[in-house]
Protein chains: 2
Amino acid sequence: MNDRHELDKRKAFILATVVYEYIATAEPVGSNTLTQKYNLGVSSATIRNEMAELETLGYLVQPHTSAGRVPSDAGYRTYVDRLMPAESLPSDDARRIRDQFRAASRELSDVIEQTTRMLSSLSKNLVFAVAPSRDTHAFKNIQLIWLSPRTALAIVVTSMGVASQTAVEWHADVPADDLTRLSNALNARLSGRIMEDIVNADLSAVAAELQISDELRAAVTSAFQNARQNEEPQLAASGTQNLLDQPEFHDLRKLRSILSIVEEQKTLYDLVAESIKPDADVTTPMVKIGRELREDAMAECSLVTVPYRFGDRGVGMIAILGPRRMPYARLMALASGTADSLGAYLDDVELR
Amino acid sequence: MNDRHELDKRKAFILATVVYEYIATAEPVGSNTLTQKYNLGVSSATIRNEMAELETLGYLVQPHTSAGRVPSDAGYRTYVDRLMPAESLPSDDARRIRDQFRAASRELSDVIEQTTRMLSSLSKNLVFAVAPSRDTHAFKNIQLIWLSPRTALAIVVTSMGVASQTAVEWHADVPADDLTRLSNALNARLSGRIMEDIVNADLSAVAAELQISDELRAAVTSAFQNARQNEEPQLAASGTQNLLDQPEFHDLRKLRSILSIVEEQKTLYDLVAESIKPDADVTTPMVKIGRELREDAMAECSLVTVPYRFGDRGVGMIAILGPRRMPYARLMALASGTADSLGAYLDDVELR
DNA sequence: GCTGGCAGTCGTAGCACCAGAGTGCCAAGC
DNA sequence: GCTTGGCACTCTGGTGCTACGACTGCCAGC
């Protein structure tokens, strides 16, 4: 199992064909089906011997004695990593994705939700997406609004809309003019920066330059902290009804546990959260298969995830959840196409 | 069918018992079951005759010749309207609802979502809720921020947070002082008012009083319009997995169409939208049964809806969707208890 | 008007049975 | 030494049959 060359060409081809056929038909594949449908050049008896070996190697399993073979997690894994031909995004799908983002709302959570809807309809699977946290928005401007000599309202606006309003107060009088000067200086200096990159040093530098009081500086700091404060991770899901079309979910107990997980959101989030890394290579989709998901309820599921970027960093994830028997190459192409478009959309919105 | 007195006492009791028993067991009810389980004082043959009459009257139906009886839409309707004993909210449930709102988030959409989660777990059915539209929030304050002599930013804040920011510009110079005076006057005059009650006349009155230019007045009007602009109706749903426990949803085709409707949201919204009336009597739950829902996919469902209020008007809906065979009295008590608490919560947040 | 009895209907659970698909193994052949 | 046809064996799923049980509707008698 450890030697990646243990599979000779014929075994690899047979494994690939079994996976391909099983994905297409959802029926265990037998040696006869294989020889009849595919041009293998050898008889079914030979295939039988090879398949028996593939089974002892752990790539195939038999649901019961007199049935054909079905891929194991390891079988799918090898297929995805080494055997499967890559697919590119069909132009129809590409167009639909483009159109979706052209008509997209400006409300971030709506965009994320519409994206999952579109992708679940294209992929015929369950799709979910994690929205960028406020940390990753671009700072647009801050307004310090003088209410009285000792109170003010601080409103922070990011590329995705208003992030927070904070009421601030202090012990010494602050002239209204100071607030205006500070607002303007902060906006001139920091506009366009990513929220999480704006550290206290930046704020202090501006405050020092303008000779602003410590109390006022502290107020600004807390306004920024407030704006960055991480709300619940926003997660949208769509396409649960697609699962019902798959025979593996006709078992109501399995279906129920999957639905619970989807509604609960936390488990879904944990599944993809580890992959949201700012510096990650953001173009490659990742695949987790069956038990790799570490969830009993999902032992028969696979997950395709792909991060999307804003600017030059990964800020969120798009994920397609379906049966292990899913068209991996197609879904990977769909997911990364969508992620690219979503990233481009986010960049575009920021520029407006 | 039109004469509400067509049912004598005994028929009414039999109908009520059949509905009650069927709700409990999900099995068609026969005359023997009835005489054995309930003390009717007559023999099963008499019950048979009565049931046959109830069937010709349209209250009961027989799934097939040799089965017991099952209530029809009309049967459930009569049960709900006239036969069913009212239930009050068990103190356990009341406590759980109270605790939920005590710990509730301040973000409106989170509160609505958490409410549906709690109620779906209490009711063991599918729950959805429509969030109040911005129109029904209470106005808190407006800030007109002077950016340059001819441009400004208008930020409208309601009881539920920031509603909108609008960039405004004009052709004649506007002194910064005018903006401050206007902001303060508007806040003093309008704070606490419901957004949809704030009409142009209110704004004009203030502007006239302060001798403010027409252009500036127009800018304020557009800021308010922007803040009231109706986004997509916000709808949260929870508890789809509960449906799987009901035998009527074991049919995958039915289940699929219900799931589609729930995800699509629009149909759900239409089902309850008509009942969101500001001036409606906001304490009584309403019930729609089977075909009354006017959706083929929901012919075997019932819906309990109850509006919740903010201040003295209905602003949103809570709805419980389940099989027609649902414990109506219990769910009605649960729904209105939750609606009351949600209303109280909204009032409370507004005061803070 | 109520009741017990009875014939009749219908769905379902259980059972046996068979066909079909697929395997593993073996002995012969290239 | 790999490949192959043949063959016995296994297991599932569908079909047809029967028996049973749960009802009903109707009727004659109280």
Side-chain angles (χ1 to χ4, degrees), chain A residues 6-15 17-22 24-72 75 247-248 250-251, chain B residues 6-15 17-22 24-72 75 247-248 250-251:
Chain A
E6 68 183 355
L7 292 184
D8 56 42
K9 261 197 158 163
R10 191 167 71 187
K11 277 204 185 57
F13 184 70
I14 291 173
L15 174 56
T17 313
V18 169
V19 177
Y20 181 85
E21 179 72 10
Y22 184 60
T25 64
E27 297 288 326
V29 277
S31 52
N32 275 317
T33 322
L34 237 46
T35 42
Q36 278 159 28
K37 280 205 183 177
Y38 301 89
N39 190 8
L40 296 169
V42 288
S43 79
S44 67
T46 310
I47 306 295
R48 275 202 288 285
N49 292 331
E50 293 285 52
M51 285 169 95
E53 271 190 78
L54 282 167
E55 183 168 358
T56 61
L57 290 171
Y59 294 107
L60 296 178
V61 290
Q62 242 180 327
H64 57 82
T65 323
S66 74
R69 254 79 172 206
V70 160
S72 67
E248 29 272 273
H250 286 3
D251 177 344
Chain B
E6 69 185 355
L7 292 183
D8 57 41
K9 260 198 160 165
R10 190 167 71 187
K11 276 203 186 57
F13 184 69
I14 290 172
L15 175 56
T17 314
V18 169
V19 177
Y20 181 84
E21 179 71 11
Y22 184 61
T25 64
E27 297 288 328
V29 193
S31 54
N32 274 317
T33 323
L34 237 46
T35 41
Q36 277 159 29
K37 280 204 183 178
Y38 302 88
N39 190 9
L40 296 169
V42 289
S43 80
S44 66
T46 311
I47 306 295
R48 276 201 288 286
N49 293 330
E50 294 284 52
M51 284 169 94
E53 272 190 77
L54 282 168
E55 184 167 358
T56 60
L57 290 171
Y59 294 106
L60 296 179
V61 289
Q62 244 181 324
H64 56 85
T65 323
S66 73
R69 254 81 173 203
V70 159
S72 66
E248 30 272 274
H250 286 4
D251 177 344

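Each chain gets a letter, A, B and so on, in the order its sequence line appears, and its residues count up from 1.
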In whole angstrom, give the distance that lies between atom [atom1] of [X] and atom [atom2] of [N].
X       : N      : atom1 : atom2 : answer
B:Gln62 : D:dC23 : CD    : C1'   : 8 Å
B:Met51 : D:dT24 : CE    : C1'   : 10 Å
B:Ile47 : C:dT3  : CD1   : P     : 9 Å
B:Leu60 : D:dC23 : CG    : P     : 14 Å
A:Leu54 : C:dG24 : CG    : P     : 12 Å
A:Ile14 : C:dT23 : CD1   : P     : 12 Å
B:His64 : C:dC10 : NE2   : P     : 10 Å
B:Glu53 : D:dT24 : CD    : P     : 15 Å

For the side chain of [X], counting heavy atoms from C-beta on, which of [options] is nearest?
X       : options               : result
A:Glu55 : C:dG4, D:dG5, C:dG24  : C:dG24
A:Thr65 : D:dT4, D:dC11, D:dC23 : D:dC11
A:Arg48 : D:dT4, C:dT23, D:dC11 : C:dT23
A:Ala45 : D:dT12, C:dG11, D:dT4 : D:dT4
A:Thr46 : D:dT10, D:dT3, C:dT23 : D:dT3
A:Asn49 : D:dT12, C:dC6, D:dT4  : D:dT4

Tell me the closest heavy-atom pair linking [X] and [Y], and the distance in Å.
X       : Y       : value
A:Thr17 : A:Leu34 : CG2-CD1, 4.0 Å
B:Val18 : B:Arg69 : CG1-O, 4.1 Å
A:Pro28 : A:Pro63 : CG-CG, 4.0 Å
B:Pro71 : B:Tyr22 : CD-CD2, 3.5 Å

5'-most by nearest nucleotide on DNA chain C - B:Ser66 or A:Pro28: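 Nearest-nucleotide comparison on DNA chain C picks B:Ser66.
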Under 3.5 Å donor-acceptor, B:Ser31 side chain and B:Ile47 backbone: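 Pair absent, no side-chain N/O of B:Ser31 close to backbone of B:Ile47.
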Polar side-chain atom of A:Ser44 near backbone of A:Thr35 as donor-acceptor pair, under 3.5 Å: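 Judged by distance alone, no pair lies under 3.5 Å.
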Below 4.0 Å: OP1/OP2 of C:dG24 and any side-chain N or O of A:Arg69: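 For C:dG24, OP1 or OP2 has a side-chain N or O of A:Arg69 closer than 4.0 Å.
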More than 12 heavy atoms from other groups under 6.0 Å of OH on A:Tyr38: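 More than 12 heavy atoms, drawn from other residues, nucleotides or ligands, come within 6.0 Å of this atom.
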Residues touching DNA chain C, which here means a heavy atom under 4.0 Å, drawn from residues 29-41 of chain A: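 Going residue by residue through residues 29-41 of chain A, the ones with a heavy atom under 4.0 Å of DNA chain C turn out to be A:Gly30, A:Ser31, A:Thr33.
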